[in-house]
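No experiment lies behind these values; they were computed from the predicted model shown. Counting from 1, the numbers follow the sequence of the chain as shown. Note that these values count all heavy atoms, side chains included, but never hydrogens, waters or copies made by symmetry.
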Amino acid sequence: MAQQTLEDCLQRVELVRQEIGKVLVGQKDVVEQLLWAVFAGGHALLEGVPGLGKTLLVRTLSQAFELSFQRIQFTPDLMPTDITGTNILLVDEKGQQSFQFQHGPIFAHVVLADEINRATPKTQSALLEAMQERTVSAGGVTRQLPAPFFVLATQNPLEQEGTYPLPEAQMDRFLLKIDVPYPTEEELKMIVRQTTTSQVITVEKVASAEQIAEIQQAAREVLVADAVLDYAVKLLLATHPGEQAIASVNKYVRNGAGPRGVQAIVSLAKVRALLAGRYNLAYEDVTAVALPALRHRIFLNFEGEANGIRPDRVIMDILDELGTQKV
């Protein structure tokens, strides 16, 4: 990787951060993790209570990129064809009838799936092919989605009435899950000042699809030493209950993360290393991305759920254990 290429990537990403910072107050970790997902070429699930700026963040991100954007509000009566599109019957001036495919909102570079857990499992499954294969099959024809393509979904963890939790298979297709925290007192003051005036903030487009692809390619070229890769694999295997697992895993975990988990760890860690100006992966990159990469891939048993245990606690226990072994 040329030094000039690395500097160009870092400058471009910094411009994106600045544009998002014009609109979004605080949430630096959330913004950074979302950028990891974008430059790793994956999808992201943002979870937080209403009013924390999840939708605003995704919309602002799309405005900073020269990419098409579509927002889908998920509701219980939303149908799969409302997402993918459908064939419609057209009648010309001569009365001849023909079918034409009407593209759905999924045909965009950035798709915001707002409150994704409000739609039925049948409608949620309409995203599976798009997220995994980057294609949509409808009317006997498979159509390619634009590149790059990202599904950035939001969900509310509190209000469970009228919601349909995402199945494990679909959760696994999100490269990472981002927990959106509540703002601090100072951030709340800034939010009020910024949103209760007549000032209009304009977000400039600072990165094209080609520039995003260059950063993604640069991230893929980051080198991974065997020792660091071994550490990432051990981290994944440690999420599975068994004789070699730590006490909290055996006590609270029903199923650990699958192979996509370690792929996500390495992909996200490579982006983090690149954005830190490094050409090689470090242990700290792996530990930094472990929570967002694994928290939605670890499924607790009844005892874990009954005691209010969060997957984050289990992951931190594993990192503590692996850290002592590494030293």
Side-chain angles (χ1 to χ4, degrees), residues 13 16-17 19-21 23-62 64-65 69 71-72 74 110-118 124 127 131 148-159 163 165-166 168 170-184 187 191 212 216 219 239 257 260-261 263-272 274-276 285-299 310-316 319:
V13 175
V16 174
R17 290 194 190 103
E19 293 303 312
I20 294 174
V23 177
L24 197 74
V25 176
Q27 306 289 16
K28 289 186 178 180
D29 289 342
V30 174
V31 172
E32 203 64 20
Q33 291 175 26
L34 191 58
L35 292 176
W36 293 349
V38 169
F39 297 128
H43 313 291
L45 177 63
L46 294 90
E47 184 174 276
V49 298
L52 298 184
K54 301 183 296 296
T55 302
L56 178 64
L57 170 59
V58 175
R59 186 181 295 276
T60 306
L61 181 75
S62 68
F65 293 144
F69 171 77
R71 177 179 182 271
I72 307 173
F74 279 65
V110 180
V111 177
L112 169 58
D114 217 355
E115 295 186 292
I116 189 172
N117 56 334
R118 289 203 169 278
Q124 291 174 4
L127 288 172
M131 293 173 67
F149 172 74
F150 310 105
V151 173
L152 306 177
T154 70
Q155 68 176 15
N156 172 11
L158 296 181
E159 193 175 351
T163 62
L166 293 176
E168 287 87 344
Q170 188 159 339
M171 290 286 282
D172 203 31
R173 281 169 169 77
F174 285 103
L175 189 65
L176 79 173
K177 179 183 177 184
I178 304 171
D179 279 349
V180 184
Y182 204 79
T184 63
E187 288 171 348
I191 291 171
I212 294 171
Q216 290 175 340
T239 65
R260 284 197 187 102
Q263 291 175 324
I265 289 173
V266 174
S267 297
L268 293 169
K270 282 187 172 187
V271 175
R272 185 184 185 274
L274 179 74
L275 299 189
D285 297 314
V286 174
T287 56
V289 305
L291 288 177
L294 295 178
R295 61 166 55 109
H296 59 300
R297 294 183 164 95
I298 294 177
F299 302 99
R310 289 172 55 86
D312 286 23
R313 173 187 159 179
V314 176
I315 297 169
M316 292 304 297
L319 290 173

If every non-hydrogen atom of [X] is compared with every non-hydrogen atom of [Y], which pair is closest and at what distance?
| X | Y | result |
| --- | --- | --- |
| Ala257 | Leu294 | CB-CD2, 3.9 Å |
| Gln216 | Val38 | NE2-O, 2.9 Å |
| Phe150 | Gly42 | CD2-O, 3.4 Å |
| Pro181 | Gln27 | O-NE2, 3.1 Å |

[X] versus [Y]: any side-chain heavy-atom pair under 4.5 Å?
| X | Y | value |
| --- | --- | --- |
| Gln33 | Pro292 | yes |
| Leu176 | Leu45 | no |
| Val13 | Phe39 | yes |
| Ile315 | Arg295 | yes |
| Lys54 | Gln155 | no |
| Leu34 | Leu61 | yes |
| Ile72 | Phe74 | yes |
| Arg297 | Asp172 | yes |

Go through the steps for Met316 and Leu319 under the test side-chain contact (heavy atoms from CB on, under 4.5 Å), then give the verdict. CA-CA 5 Å; Met316 292 304 297; Leu319 290 173; 4.1 Å; yes
Any side-chain to backbone donor/acceptor pair from [X] onto [Y]? Under 3.5 Å, distance only.
| X | Y | value |
| --- | --- | --- |
| Arg71 | Val111 | no |
| Ser267 | Ala40 | no |
| Ser62 | Phe69 | no |

Rounded at 0.5 Å granularity, tell me how far [atom1] in [X] sits from [atom2] in [Y].
| X | Y | atom1 | atom2 | value |
| --- | --- | --- | --- | --- |
| Ile20 | Thr60 | CD1 | OG1 | 7.0 Å |
| Leu268 | Leu175 | CG | CG | 4.0 Å |
| Asp312 | Lys177 | CG | NZ | 8.5 Å |
| Arg173 | Leu166 | CZ | CG | 12.0 Å |
| Ile178 | His296 | CD1 | NE2 | 10.0 Å |
| Asn156 | Arg118 | CG | CZ | 7.0 Å |

Chi angles and distances behind the side-chain contact (heavy atoms from CB on, under 4.5 Å) call for Ile116, Phe174: CA-CA 12 Å; Ile116 189 172; Phe174 285 103; 4.2 Å; yes
Candidate pair Leu127 and Gln170, rule side-chain contact (heavy atoms from CB on, under 4.5 Å), full reasoning: CA-CA 8 Å; Leu127 288 172; Gln170 188 159 339; 3.9 Å; yes
Looking at Arg17 and Glu32, is any side-chain nitrogen of the basic one under 4.0 Å from a carboxylate oxygen of the acidic one? yes
Inspect the contact between Arg310 and Asp179 and indicate whether a charged nitrogen and a carboxylate oxygen are less than 4.0 angstrom apart. yes
Checking side chain to side chain contact (heavy atoms under 4.5 Å, CB included) against Leu112, which of Leu46, Leu57, Thr55, Val151 comes through? Thr55
